[in-house]
Amino acid sequence: MQATRMGICWRLFLCSCLFLESSSQDFGAQTQFICTSVPKDMDICAATLQNSVPGDDLKTTVMQLRETVLQQKETIMNQKETIRELTSKLSRCESQSGAEPGGRRKEPGSKNTMGDVSRGPADTLAQLSQTLQSLKQRLENLEQFSRSNNSVQANSLKDLLQSKIDDLEKQVLSRVNNIEEGKPTLRNETEQRGRVESTLTSLHQRITDLEKGQRDNRPLDKFQLTFPLRTNYMYAKVKKSLPEMYALTVCMWLKSNASPGVGTPFSYAVPGQANELVLIEWGNNAMEILINDKVAKLPFLINDGKWHHICITWTTRDGVWEAFQDGVKRGSGENLAPYHPIKPHGLLILGQEQDTLGGGYDATQAFVGDLANFHIWDRKLSVGEIYNLATCSSKAQVGNVFAWMETSLDIYGGASKWTFEACRQLN
């Protein structure tokens, strides 16, 4: 009897040890021994497993815990990999910008294999301001030179400097425009951008003053306006408003290869109506004339980089309009704002489309190219009169509402004036 009990206890001890060892491997906990009474005729190992905890529940619990542990382990591994990748990218960015980890700048002798890495908008605008100030100083030196030397040498130096300034101007305006698209919100960045534009306008005014000697020898209408880039601050403003008109003719010379669309050669806005009189070619649309926000599509093809003469005539009676390109009638229509006179007391802008009176400019609608001999009449010109204008006939007339004169315009934002004589400089 004693031996039998000893055998039973030994078998129970072995079964309990096997079960608890397996459990301890799954849970990582310390081993415990549990004594349980069993019926005499039942298999001791089976009874031990049955009476310790419910077998199916234990198995399910163990599998769930194991799955949870594996998932957490996988998540941790993924997070570690992400941290390593971010750390690596941060190190590369710091090395490219010339900074060491922790935000410290490298010493001047450190090697930078990435070249001149672009800085923030504030630093860039500050650099542009310094560049323009340097150009102004060079212009002052040119002015002193022109006063103390003969005119031939002065003009030669001026022309050379003008060429260099034009190249720099395009780079400066392009960089300022790119910064503007980034939509800086800091007040100091906006103020610096305003100073850059103001300096650029002053720069062109100084060059204009240097050209006074040439201007004295040429008629005031022999000039063109150049708008080299799409911006929302480069334009010319006509000094006087338009009168009330029941008919009109608008004519001009244009040269552009801008795509898509040459933009807005001119816009006339009045209180309460920003689209009182607008000529625009925007995106992939045909060129349009707007009167009182009513639209007519024009059959012009002018964005080939060549000079073209265009005229549009209109009358309030039935809203009849006609379009001429290079002296030839290309199209006509009616019902364009019929019986609506062009209203007075507005603002006429060259190069920009007004969304509000004197403002609301959109760079995507800005004119890019050259414009000259812009005239407005308060009547419908005849076919012969328009042909004389396009062929530069001695019989050609000037606008009785607005005539093309340097003294009639104020220029802003870097638009420039150059000598131009129609039909002698064509293409």
For this session: Would you sort out whether Leu248 and Leu242 count as a side-chain contact (heavy atoms from CB on, under 4.5 Å), showing the intermediate values?
Result: CA-CA 11 Å; Leu248 67 83; Leu242 302 182; over 6 Å; no
For this session: Locate the shortest heavy-atom distance separating Gln397 from Leu389; write the atom from each residue and the value.
Result: O-CD2, 3.2 Å
Exercise. Got a sec: does the CZ of Phe402 have more than 12 other heavy atoms crowding it under 6.0 Å?
Worked result: yes
Problem set entry | Smallest separation among heavy atoms of Glu353 and Thr264, with atom names | CB-OG1, 3.4 Å
Exercise. At what distance, to the nearest 0.5 angstrom, does CZ of Arg317 lie from CD of Glu334?
Worked result: 12.0 Å
For this session: Decide side-chain contact (heavy atoms from CB on, under 4.5 Å) for Glu322 and Ile312; before the verdict, give the C-alpha distance in whole Å, the side-chain angles of both, and the deciding distance to 0.1 Å.
Result: CA-CA 6 Å; Glu322 294 178 332; Ile312 303 103; over 6 Å; no
Problem set entry | Sidechain-backbone polar pair: Lys240 side chain, Val401 backbone, donor-acceptor under 3.5 Å | yes
Exercise. CD/Glu276 to CG/Asp293 distance, rounded to the nearest 0.5 angstrom?
Worked result: 9.5 Å
Exercise. Going by atom types alone, do Asp378 and Asn400 pair a side-chain donor with an acceptor below 3.5 Å?
Worked result: yes
Problem set entry | Pairwise side-chain contact, Cys251 with Asn373, heavy-atom cut-off 4.5 Å (strictly under) | no
Problem set entry | Sequence neighbours excluded, every pair satisfying ring-ring contact (aromatic ring centres under 6.0 Å, His included) that has a member inside residues 261-298 | Phe266-Phe374
For this session: Go through the steps for Trp253 and Cys392 under the test side-chain contact (heavy atoms from CB on, under 4.5 Å), then give the verdict.
Result: CA-CA 11 Å; Trp253 286 94; Cys392 304; 4.1 Å; yes
Problem set entry | Aromatic ring proximity Phe420/Trp404, centre distance under 6.0 Å | no
Exercise. With distance as the sole test, does Asn292 use its side chain to make a donor-acceptor pair with the main-chain N or O of Lys294 at under 3.5 Å?
Worked result: no
Exercise. Is the shortest heavy-atom distance from the side chain of Thr391 to the side chain of His309 under 4.5 Å?
Worked result: no
For this session: Taking atom types as modelled, find out whether Asn232 and Gln352 have a side-chain donor-acceptor pair closer than 3.5 angstrom.
Result: no
Exercise. Can you tell me if Ser241 uses its side chain to pair, donor with acceptor, with the backbone of Gly346 under 3.5 Å?
Worked result: yes
Problem set entry | Which residues share a ring-ring contact (aromatic ring centres under 6.0 Å, His included) with Tyr235, sequence neighbours left out | Tyr361, Tyr412
Seminar exercise, completed: dist Trp321:CH2 -> Thr249:OG1 (nearest 0.5 Å) comes out at 14.0 Å
Exercise. Looking at side-chain heavy atoms only, is the closest gap between Lys417 and Glu406 below 4.5 Å?
Worked result: yes
For this session: Just jot down the side chain to side chain contact (heavy atoms under 4.5 Å, CB included) partners of Val328, sequence neighbours excluded, or say none.
Result: Arg330
Problem set entry | Donor-acceptor under 3.5 Å (Ser393 side chain, Lys395 main chain) | yes
Seminar exercise, completed: Distance col, row Glu288:CD vs Ile280:CD1, nearest 0.5 angstrom, shows 7.5 Å
Exercise. Testing Ile342, Leu277, Val250 for side chain to side chain contact (heavy atoms under 4.5 Å, CB included) with Trp314, which one passes?
Worked result: Ile342
Exercise. Judged by modelled atom types alone, do Asn303 and Ser256 share a side-chain donor-acceptor pair under 3.5 Å?
Worked result: no
Exercise. Are any of the side-chain heavy atoms of Asp370 and Trp418 separated by less than 4.5 Å?
Worked result: no
For this session: Would you mind reporting whether Ile411 and Leu225 have side-chain heavy atoms less than 4.5 Å apart?
Result: yes
Problem set entry | Interatomic spacing from CG in Asp326 to CD1 in Ile386 - rounded to 0.5 Å | 12.5 Å
Exercise. So how far is it from Gln224 CD to Glu421 CD, rounded to the nearest 0.5 Å?
Worked result: 11.5 Å
Exercise. Side chain of Thr316, backbone of Tyr246: donor and acceptor closer than 3.5 Å?
Worked result: yes
Exercise. Are Ser267 and Gln354 linked by a side-chain donor-acceptor pair shorter than 3.5 Å?
Worked result: yes
Problem set entry | Any side-chain heavy-atom pair of Asp318 and Tyr339 under 4.5 Å | yes
For this session: Would you check, one step at a time, whether the test side-chain contact (heavy atoms from CB on, under 4.5 Å) holds for Glu385 with Trp377?
Result: CA-CA 12 Å; Glu385 289 173 322; Trp377 293 261; over 6 Å; no
Exercise. Can you name the closest pair of heavy atoms from Gln273 and Asn275 and give their distance?
Worked result: OE1-N, 3.0 Å
Exercise. Counting distance only, does the side-chain N/O of Gln325 pair as donor-acceptor with the main-chain N or O of Leu301 below 3.5 Å?
Worked result: yes
Seminar exercise, completed: Shortest non-hydrogen pair, Met234 vs Leu229, comes out as SD-O, 4.3 Å
Problem set entry | Asn284, CG: over 12 other non-hydrogen atoms inside 6.0 angstrom | no
Problem set entry | Sub-4.5 Å side-chain heavy-atom contact between Lys239 and Ser408 | no
For this session: Grab the two heavy atoms, one from Ala323 and one from Leu298, that are nearest each other, plus how far apart they are.
Result: CB-CD2, 4.2 Å
Problem set entry | Side-chain touch Met287/Leu279, heavy atoms, less than 4.5 angstrom | yes
Exercise. Counting distance only, does the side-chain N/O of Arg230 pair as donor-acceptor with the main-chain N or O of Ala366 below 3.5 Å?
Worked result: yes
Exercise. For Ile289 and Leu336, which heavy atoms make the closest approach, and how far apart are they?
Worked result: CG2-CD2, 3.9 Å
